[in-house]
Amino acid sequence: MDQLDQRACLGEFLRSRRARLRPEDVGMTDYGRRRRVPGLRREELAQLAGVSVAYYTRLEQRDGHNVSAEVLDAIARALRLDGTERAHLMDLARPKPRRRRQSRRPQQVRPALRTLMDAMDGVPAYLVGHRQDVIGWNRLAAAVFGDFGALPAAERNLVRLMFLDPATAELYGEWECQACWVVSNLRLYAGQHPDDEQLSALVGELSVKNEEFRRLWAAHTVADKTHGVKLLRHPLVGEMRLSFETLTLPDDPTQSLITFHAEPGSASEDALRLLASWDAQRTAGQRTAGQRTAATAAERPAGAARFPDAATA
């Protein structure tokens, strides 16, 4: 499959949102009739949205051609969609015209942005682009999340690492929540970029190799979480709770800078400071040995260790 089937995604998304609602959730009376499937029936949803059952059925069966914004708004209200889900519904039902196939060049990081990340002393930061590819990072981010430079460029992807890299999975103390979030964000991206062939390849690979990804992808959950807290269990400094903020670049909304910080005076701040000190000592040693150390440019042989351990620290 070169591209995601947008019409199939529309029907699956509508069915998944309908399945999570019960009649009592929307003020309808359930007369106790046995339901073959969970959630509202199509006729109940159509009644709430003020459209015919035949019309709504066509939408779920991949026929969303020329559907109006007013009808989509009514369906979104009936399904109790939040703002992110509503935008996703619009993307699926009214996709942008397909672009002519072209090879997508790797995204570039502005030199000034690299300098900014390197200057963020004590603040792990990385830059993500299409499909949650990691395209830039500073040294402390590499110390916290693993050295992205030890990976081939094609494998520097947050979703791929979450499901296929055991060291990354062990890093997250709340792996299930983090896994759900990255898949939900990838679903949102898929609605906006259905012609991204690299996305189709990524989804295909993960669906074949990881059952949990396959389950989460089939749930059609969408989310755009731009801030929060991550619980990490680092192999060198132990547990850390780091708050994160996502800053979308104004001149390129496909790139976002994600920064992390610990609560002042907390044990997590001490752990982060210890990790920064270790990284500074390691970097100084590498410079003495004449090794290249810029994390955003580092290229190491495949299989090189991404995380430090107590024996090597």
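Just so we're clear, the structure is a prediction, and the values are computed from it rather than from any experiment. Just so it is clear, the values below take in all heavy atoms, side chains as well, and ignore hydrogens, waters and symmetry mates.
Arg17 places no side-chain N or O within donor-acceptor distance of the main-chain N or O of Leu79, the cut-off being under 3.5 Å. Between the side chain of Gln108 and the main chain of Pro106, a donor-acceptor pair closer than 3.5 Å is present.
Every pair passing salt bridge (Lys or Arg N to Asp or Glu O under 4.0 Å) that includes a residue from residues 231-242 is listed here, sequence neighbours excluded: Arg233-Glu239.
No more than 12 heavy atoms of other residues, nucleotides or ligands lie within 6.0 Å of CD in Gln47, so this atom counts as exposed by the packing criterion.
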Could you pull out every donor-acceptor pair under 3.5 Å between side chains of residues 256-263 and any protein atom, sequence neighbours left out?
residue	atom	partner	partner atom	Å
Ser256	OG	Thr248	OG1	3.3

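Side-chain contact check for Arg77 versus Arg86: some heavy-atom pair is nearer than 4.5 Å. Residues Arg160 and Leu202 meet the side-chain proximity criterion, which asks for heavy atoms closer than 4.5 Å. Contact of the Leu127 side chain with the Val134 side chain is not registered, since no non-hydrogen atoms from C-beta on lie closer than 4.5 Å. At a threshold of 4.5 Å between non-hydrogen side-chain atoms, the residues Leu199 and Leu186 count as touching. Put simply, the side chain of Val237 does not reach to within 4.5 Å of the side chain of Trp278, judged on heavy atoms. Taking 4.5 Å as the limit, some side-chain heavy atom of Tyr56 sits within range of a side-chain heavy atom of Leu14. Proximity of Val159 to Phe213: side-chain heavy atoms (C-beta onward) are separated by under 4.5 Å at one or more points.
A salt bridge does not link Arg139 with Asp118: none of the charged nitrogens is closer than 4.0 Å to a carboxylate oxygen. A salt bridge is absent between Glu44 and Arg18: the closest approach of a Lys/Arg side-chain nitrogen to an acidic carboxylate oxygen does not fall below 4.0 angstrom.
Ring to ring, Phe244 and His227 are not that close: their centroids are 6.0 angstrom or more apart. Phe163 has its ring centre less than 6.0 Å from the ring centre of Trp175.
Hydrophobic clustering places Leu236 together with Leu274 (ILVMFWY residues linked when any side-chain heavy atoms are closer than 4.5 Å, directly or through intermediates). A chain of hydrophobic side-chain contacts below 4.5 Å, direct or via other Ile, Leu, Val, Met, Phe, Trp or Tyr residues, connects Tyr172 to Leu272. In the hydrophobic cluster analysis, where Ile, Leu, Val, Met, Phe, Trp and Tyr join through side-chain heavy atoms closer than 4.5 angstrom, Leu249 is grouped together with Ile135.
Side-chain contact check for His220 and Glu12: at least one donor-acceptor pair (N or O, by modelled atom type) lies under 3.5 Å. Under the 3.5 Å distance criterion, with hydrogens and angles disregarded, a donor-acceptor pair is assigned to the side chains of Asp133 and Asn157.
Take Asp224 and apply the side chain to side chain contact (heavy atoms under 4.5 Å, CB included) test, not counting sequence neighbours, and it matches Thr84, Asn185, Leu188, Thr226.
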Walk me through whether Glu205 and Leu164 qualify under side chain to side chain contact (heavy atoms under 4.5 Å, CB included). CA-CA 10 Å; Glu205 178 188 15; Leu164 299 185; 3.9 Å; yes
